[in-house]
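When reading the values below, keep in mind they use all heavy atoms of this one structure, side chains included, and skip hydrogens, waters and symmetry mates. We name chains A, B, ... by the order of the sequence lines, and we start the count at 1 in each one.
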Amino acid sequence: MAGEKNVLIVAVPQRGALPPAVFELITAAKKAAAATGGTVSALVFGTKAADFAKQLGERGAEKVLTVSDAAYDSFVDEAYAAATAAAAKQEAAGVLLLAASVAGRSLAARLSVLLKAGVAAEICEISGSGGALSAKRYQYGGNIVAEVAFKSDVKILTVQPMCFEAAPVEAGKAAQTTPLSVPAASAGAQVASFKADEAGEIDLGAAERIVSGGRGLGNADGFKLIRELAHTLGAAVGASRAVVDAGWIAYRHQVGLTGRTVHPKLYVACGISGQIQHLAGMASSANIVAVNTDPACPMMDIATLGVVGDVYEVLPVVISEIKKRRGA
Amino acid sequence: MPLNIVVCVKHTPATTSVSVDSATGKVKTAGLAYGLNPFDEYAVEEAVRLKERVPGSFATALTLGADSADAALREAVSRGIDAAALVTGPEFDGGDSYSTSRALAAAVQKLHAQKPVHLVLFGKNTNDGNSGMVGAMTAAWLNWPSVVSVKKIESVDEASASVWRAMEDGVETVKVKLPAAISTIKEINEPRLPSLKGKMAAKKAAVTKWGAADLGLKPEEVGAAGAATSVTRQSPPPSRPAGMKIEGATAADKAKKLVDILIERKII
Ligand SMILES: Cc1cc2nc3c(=O)[nH]c(=O)nc-3n(C[C@H](O)[C@H](O)[C@H](O)COP(=O)(O)OP(=O)(O)OC[C@H]3O[C@@H](n4cnc5c(N)ncnc54)[C@H](O)[C@@H]3O)c2cc1C
């Protein structure tokens, strides 16, 4: 269990902004540092690095290293890994935290080999004391919780979004910011272009609230109602695989074993039976509301609040009631 | 020019409804039915489609596992893969993504030395461990580029490929030099079922077997000894507190009550 005690947050930007999951890493990092007895610093990338450092500082990061080269404005694992390794060395960091995003997972893999470090992937809890660190993660499609310990000196954790509270902005706080010089990295991959998903959509992984629709909607048009409720709640739109396969909505909305894993504060499952593969992606949501005509469906069994009824009768009233209360 | 493709697969429990042995604190795997990891079906199918796209191409399925993992390789062959290699031996037991990817990389390197490899394909993750790390880690051991979350291979020749990487907010087109590793997602294709001809080929397929020594690896570099992490305990997830059925005479009544409770509990 040797190894350096300090914790490094690796904050990968996306489209010129820090994803909200990065602010959750500050909270996770403090927890890890409490276990190891080390300090916390963060590493930010790209032309907006100085601004990112300011944002992290306001949320309690004490030290931020910046790699301000425009080459880091898009994500390539090899270049990011070389810079991160340099930062870890400079900070004597033995624990690296990344968001469990597409980029975070890809970078963690590259760093693992580069730093001879074990990876605890997609973790949702950190514990440990007296220098030891362990983490909890789901396996078998959410049916098993595994406790992972490290044998390597350097430890990498990718953290599931929505498992830790985002560190709040505290007035007057600022980080000590230091530029990090890294040698120009050569990479075999390069991002050529980007096409955004529909504008105004909230990403499932980062959503505090999700409204999901399943086959019980009857047809693709049913998603109008789902979107309306989602809009009213400021929620993201999710779906079961049955309706994605039917072509009612795009795959990126799919929740479950072969879709996204989510941990929102509120998950509203509308006309979704709750087959185990769907539950795999959402059963750890803080609150689950089931709206379903079948009182005996598995979703009802795990729901915090269950409404037995037809989505087309229940949801319009829910929408109008919420609007009414907000107006009052 | 034809492509030489390796597709890495895993033989995993066919179900995720597993229970924990309270004595050992580990998942009971004895007696479970095993099959090809469902996520790997997409990687296998993509390899077969690449063979169809670039005539003369060759695809090898590669796995690390027990002798019985041979079944996952034969399943890949039944779906159109040409050859199969199994990394196996007691020294590989208890590995994590770090030591497993190291052994897979050594096996890819061995295939590469026999005949240059262009692409190594992976599924998104396994349905048992769920870590989703092995593909990109294998690339790291090989010091090859990697692209994860790939939903389309737009173009490919022997020197480079252009692929679509599905990100949280949209799709990036990534140009990658070959050889490279690509981790696929479900959107990349719709896997076809094995053909009769494929099933015949699967029965007859010769599976090459390699131990650590064949791959130039020391026993302490693989399996549990070479792992960088260990799973100390597995348990069922904490059970959810009992929920509440919302009663009411009409759907509208129930809907109003639901909103009341959501506001009362500060959920919305
Ligand atoms: C390997 C594998 C991976 C999978 N991965 C996933 C995954 O990632 N995500 C996923 O979701 N599924 C996944 N599945 C599929 C899963 O098993 C189910 O088939 C799917 O989740 C069912 O979707 P559903 O609940 O929308 O449909 P159904 O199971 O058909 O349920 C429809 C529900 O709607 C209710 N209903 C009907 N009419 C109304 C109405 N008017 N108002 C209210 N309720 C109504 C019904 O009572 C029923 O409960 C996977 C399956 C396999 C084999």
> Do you know which two heavy atoms are closest between A/Ser112 and B/Met137, and how far apart they sit?
Replying inline: OG-CE, 3.4 Å

> What part of B/Pro38 is in contact with chain A, defined as an atom under 4.5 angstrom from a non-hydrogen atom: side chain, backbone, both or neither?
Replying inline: neither

Counting only pairs under 3.5 Å, give me each side-chain donor-acceptor contact of residues 256-268 of chain B, with atom names and distances, residues two or more places apart or in other chains.
{"unit_1": "B/Lys257", "atom_1": "NZ", "unit_2": "B/Glu247", "atom_2": "O", "d": "2.8"}
{"unit_1": "B/Asp260", "atom_1": "OD1", "unit_2": "A/Arg325", "atom_2": "NH1", "d": "2.7"}
{"unit_1": "B/Asp260", "atom_1": "OD1", "unit_2": "A/Arg325", "atom_2": "NH2", "d": "2.9"}

> Heavy-atom distance under 4.5 Å to chain B: side chain of A/Ile276, backbone, both or neither?
Replying inline: side chain

> What is the distance from atom OG of B/Ser162 to atom CD of A/Gln190, rounded to the nearest 0.5 Å?
Replying inline: 10.5 Å

>> Which heavy atom of A/Val314 sits nearest to which heavy atom of B/Ala251, and what is that distance?
In response: CG2-CB, 4.0 Å

> Is chain A contacted by the side chain of B/Ala139, its backbone, both, or neither, given a heavy-atom distance below 4.5 Å?
Replying inline: both

>> Can you confirm whether B/Pro145 sits close enough to A/Asp77 that some side-chain heavy atom of one is under 4.5 Å from a side-chain heavy atom of the other?
In response: no

>> Using side-chain heavy atoms (C-beta onward) and a distance below 4.5 Å, is B/Trp144 in contact with A/Glu78?
In response: no

> For A/Ala117 and B/Tyr98, which heavy atoms make the closest approach, and how far apart are they?
Replying inline: O-CD1, 3.7 Å

> Is a donor on one side and an acceptor on the other found under 3.5 Å between the side chain of B/Arg233 and the backbone of A/Glu147?
Replying inline: no

> So, the side chain of A/Arg137 versus the backbone of B/Gly129: is there a donor-acceptor pair under 3.5 Å, distance only?
Replying inline: yes

> With a 4.5 Å limit on heavy-atom distance, are the side chains of A/Glu313 and B/Thr250 in contact?
Replying inline: no

> Within a radius of less than 6.0 Å around CH2 of B/Trp164, do more than 12 heavy atoms belonging to other residues, nucleotides or ligands occur?
Replying inline: no

> Non-hydrogen atoms of chain A under 4.5 Å away: do they reach the side chain of B/Ile185, the backbone, both or neither?
Replying inline: side chain

> Do any N or O atoms from the side chain of B/Asp128 and from the backbone of A/Tyr140 form a donor-acceptor pair under 3.5 angstrom?
Replying inline: no

> With distance as the sole test, does A/Lys151 use its side chain to make a donor-acceptor pair with the main-chain N or O of B/Ala224 at under 3.5 Å?
Replying inline: yes

>> Restricting to non-hydrogen atoms, name the atom on A/Ala121 and the atom on B/Ser131 that form the minimum distance, rounded to 0.1 Å.
In response: CB-O, 3.8 Å

> Between A/Ser106 and B/Val148, which heavy-atom pair has the shortest distance, and what is it?
Replying inline: CB-CG2, 3.8 Å

> Is there a donor-acceptor contact under 3.5 Å from the side chain of A/Asn143 to the main chain of B/Val18?
Replying inline: no

>> Check this for me: does any side-chain nitrogen of one of B/Lys186 and A/Asp245 sit under 4.0 Å from a carboxylate oxygen of the other?
In response: yes

> For B/Ala136, does its backbone N or O pair with a side-chain atom of A/Arg105 as donor and acceptor, under 3.5 Å?
Replying inline: no

> In Å, rounded to the nearest 0.5 Å, how long is the span from OG of B/Ser17 to CD1 of A/Ile144?
Replying inline: 10.0 Å

> Could you give the distance from OG1 (A/Thr258) to CD (B/Glu41), rounded to the nearest 0.5 Å?
Replying inline: 11.0 Å

>> To the closest 0.5 Å, what do you measure between CE (B/Met167) and CZ (A/Phe194)?
In response: 8.0 Å

>> Please find the pair of heavy atoms, one from B/Lys245 and one from A/Pro295, that lie closest to each other, and give the distance.
In response: NZ-O, 3.5 Å

> Just by distance, do the side chain of B/Glu168 and the backbone of A/Val102 share a donor-acceptor pair under 3.5 Å?
Replying inline: yes

> In terms of heavy-atom pairs under 4.5 Å, which option from B/Val231, B/Thr229, B/Val176 contacts chain A the most?
Replying inline: B/Thr229

> Are the side chains of A/Gln14 and B/Asp169 in touch, meaning some heavy atoms are under 4.5 Å apart?
Replying inline: yes

> Atom NZ of A/Lys136 and atom OG of B/Ser235: how far apart are they, to the nearest 0.5 Å?
Replying inline: 6.5 Å

> Quick one: of A/Leu107, A/Ile319, A/Leu305, A/Asp301, who has the most non-hydrogen atom pairs under 4.5 Å with chain B?
Replying inline: A/Leu305

> Can you check whether B/Arg240 reaches A/Ile288 side chain to side chain, under 4.5 Å on heavy atoms?
Replying inline: yes

> At a heavy-atom separation under 4.5 Å, does B/Ala180 approach chain A through its side chain, its backbone, both, or neither?
Replying inline: neither

>> Which atoms of B/Ala166 are under 4.5 Å from chain A, going by heavy atoms: the side chain, the backbone, both sets, or neither?
In response: backbone

